[in-house]
Every structure is written in C-alpha cells, then in structure tokens.
Participant: 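To start, I am sharing the structure in question, which I have written as structure tokens.
Counting convention: from 1, in listed order, for ligands and their atoms alike. Reckoned from all heavy atoms, side chains included, excluding hydrogens, waters and symmetry mates.
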Amino acid sequence: MKTRITELLGCQYPIIQGGMAWVAEHTLAAAVSNAGGIGLIAGGSAPIDYLREQIRLCKEKTDKPFGVNIMLMSPNAEDLAQLCIDEKVAVVTTGAGNPGKFIPAWKEAGIKVIPVIPSVALAKRMERAGADAVVAEGTESGGHIGENTTMCLVPQVVDALEIPVIAAGGIADGRGIAASFMLGAEGVQIGTRFLASEECQIHPTFKELVVKAKDTDSVVTGRYTGHPCRNIKTKFAKMLANGEKDGSLTPEQFEEVTLGSLRKAVQDGNVEEGSFLCGAIAGMINDIKPCEAIVKELMEQAERLIKN
Ligand code: TUI
C-alpha cells in the first residue's frame, strides 16, 4: 500500500507506532521498523543521556527508518529536540503542545516533522509552519487527549490541509486502517495494539490489563487539570475519576497523587498507584504477539477490505 506517507518516510507500510511516554523504547521501536512500519522512541520527560542511548541502541537493531516523539510539556523538550538533530533521527513526531519553534531547525537538518494534533486549527498552523504531515489524533487514543473523535476529526483535517494526514485513536485492526483510508488518511498511528506485543517492555500486569479489558474499561481522568488522560479503568483510575467528579480531590491533590504514576504502571505494574494509559480500543485486543505478526495481520486485513 503506497501512499504519500510511505513515500515520505521510506517505509513499506503506512503504519506509525505511537510515541507512548515511558513505554516506547528502542526494542519496540526497532521491532515495528523491522516489521515495515515506523517505530518511535518516546522522549517523554527522559534525561537526554537516556534518549541518546535509546537512539543508538535502536540504530544497532534496525537499519530501517525510525523516529522519536517529543512530548512538548517536558521541561527538557528543547534539549531533546536538539538531540534529534545531533543524532540525525529520520522522523520526529510531537505531542501535548505546539512544536512551531522547533520546526525550522528540524527541517534544516532533513528530519521529517509530523506533529500530533487534536484540532483543525492546530493542523493548519502546523502546515503553515512547514510540517511534512500531521497525525490527527481522536479522543479514543490513550494518554493525553483532545475532545474530538477520530471519525469527526480526520476528514475535517484532510479537507483543511494539502499535506498528508495520519489517523490515530481507536485503530487496532485492518478494519480501522481501511476506515481511516476511507476518511482520507494516508497512514495510521497505532499505540494500544503495540502495548500487547512481545517486544513491548512494559510490566506483564500492564499487558494483562490490556488483553483483559472490555469495551467499557477505559476512563478519562484529569480534565479539570487541563491534561485529560485516557487510562484503563483500574481502582486507582476510578478513585481519580470519582474524586474529580465529587470534588473530594482538588486539582492540586490530583497532580500530587498522579506524580510518577506512569512509571509505576509501566515499570512496576502497580495497580494501586499506577496510571495505565491506554486507548479505548483495548477491548478488541485479545492476544500478545510479535510486532511483525501484528503488522502483517493489520495490513493483510486492510488491503483485503480496501480491494473489496
Ligand atoms: O501527547 C499525546 N499523548 C500523551 S503525552 C503523555 S505524557 C503526559 N504527561 C503528563 C501530562 C500530560 C501528558 C501521554 N500521552 N498525544 C498527542 C496529543 N497532543 N494529544 C493532544 C495533543 C495536543 C494538545 C494541545 C497537541 C497540541 C496542543 O496544543 C495546545 C497549544 O499549545 O496550542
């Protein structure tokens, strides 16, 4: 399936792995790139030395293109942005903010720049700022989210832009990819499906929560802090959601109890205090497989559907 995205990024399939903070490290990124997609390493709020090492390890594991996600709320986003230039990373995606000020330097360095955006207005600004493509991310996604749905957002972004659009949020099988293409997208970004992959290095408890999740097992917390996040509905997430609703948890207390909660979920599998960020499509995911098998199955199903 050749699109402007496969051409732009020099990959076999128009599938980009989500840049999941604390989750997306070099083993996962290299596996997705070796499977023909574009793997991503998450900068998150990691120290610069950690990200440099991850990039170098990824280069050892794959000779295919891969990328780095810069989380713009990170206090060291500036340093990580420069590191991508120094390490000659092929692709940069961004999240949780406006990357406008970094785009000229990335473009100068020959990096393909793909901001993740939750609205048409920001998509247009990114095109004007020189982005090569955008990821239009619906509220079905895991982690930090906007309000609009994939079904509504993607066609509106496609209509508003000349550059290619990648759909994200709620896509975990070939039907989701085919549907995204019908909406005008030329690629997909997939996160949650890769949580349940063999190469993903998260705690086994996290994978088990994804595989066991039903359609109603995701919840958005933290709307009142200005950083809404979609999580798996654990006891901890329900406590946060209830505390937000009934006022028993102030925004300050919310920030306090969620500090370090991504690490507690990903590294420790701590269901009492961890935030298991995950998309609303988790209910459809029932097995853990190698990335190569996931990508192959996704593309075979999508190509069959589109041909019909
Ligand atoms: O960024 C994500 N998903 C994420 S980032 C993350 S780590 C985190 N940690 C603490 C608080 C918040 C996040 C976990 N998941 N997805 C892409 C995305 N970007 N979703 C929404 C946005 C976004 C929101 C506002 C992008 C731009 C934006 O612009 C505001 C502005 O400055 O105009």
Participant: Specify the protein heavy atom at minimum distance from atom 24 (C) of ligand 1: its residue, its atom name, and the distance to 0.1 Å.
Facilitator: Pro118 CG, 3.8 Å
Participant: Under a 3.5 Å threshold, yes or no: a donor from one side chain and an acceptor from the other, between Glu140 and Thr150?
Facilitator: yes
Participant: Tell me, which protein residue and heavy-atom name are nearest atom 19 (N) of ligand 1, and how many Å apart are they?
Facilitator: Ala96 N, 3.0 Å
Participant: How far does CG of Asp217 sit from CG of Asp215, to the nearest 0.5 angstrom?
Facilitator: 7.5 Å
Participant: Checking Lys296 against Glu292 for the salt bridge (Lys or Arg N to Asp or Glu O under 4.0 Å) test, could you report, in this order, the C-alpha distance in whole Å, the side-chain angles of both residues, the deciding distance, and whether it holds?
Facilitator: CA-CA 6 Å; Lys296 196 160 170 255; Glu292 193 180 347; over 6 Å; no
Participant: Of Gln189, Met71, His227, which has the heavy atom at the shortest distance from atom 7 (S) of ligand 1?
Facilitator: Met71
Participant: Pairing donors with acceptors under 3.5 angstrom, does anything connect the side chains of Thr205 and His203?
Facilitator: yes
Participant: Nearest to atom 13 (C) of ligand 1 by heavy atom, His144, Arg125, Arg230: which?
Facilitator: His144
Participant: Going by the order shown, which atoms of ligand 1 are within less than 4.0 Å of some heavy atom of Gly97?
Facilitator: 23 (C), 26 (C), 27 (C), 28 (C), 29 (O)
Participant: Can you tell me how far CD1 of Ile285 sits from CG of Leu195, rounded to the nearest 0.5 angstrom?
Facilitator: 7.5 Å
Participant: Is it the side chain (CB and beyond), the backbone, both or neither of Glu137 that lies under 4.0 Å from ligand 1, heavy atoms counted?
Facilitator: side chain
Participant: Heavy-atom distances under 4.0 Å are what count here, so tell me which part of Val135 touches ligand 1: side chain, backbone, both or neither.
Facilitator: neither
Participant: Give me the nearest non-hydrogen protein atom to atom 29 (O) of ligand 1 as residue plus atom name, then the distance to 0.1 Å.
Facilitator: Leu122 CD2, 3.5 Å
Participant: Report, in ascending order of atom number, the atoms of ligand 1 lying under 4.0 Å from any heavy atom of Met73.
Facilitator: 11 (C), 12 (C)
Participant: Check whether the side chains of Thr221 and Asn231 place a donor and an acceptor atom closer than 3.5 Å, and report yes or no.
Facilitator: yes
Participant: Can you tell which part of Leu277 has a heavy atom less than 4.0 Å from ligand 1: side chain, backbone, both or neither?
Facilitator: side chain
Participant: Determine, stepwise, if the pair Ser261 / Ser275 fulfils side-chain hydrogen bond (donor to acceptor under 3.5 Å, both in side chains).
Facilitator: CA-CA 5 Å; Ser261 66; Ser275 294; 2.8 Å; yes
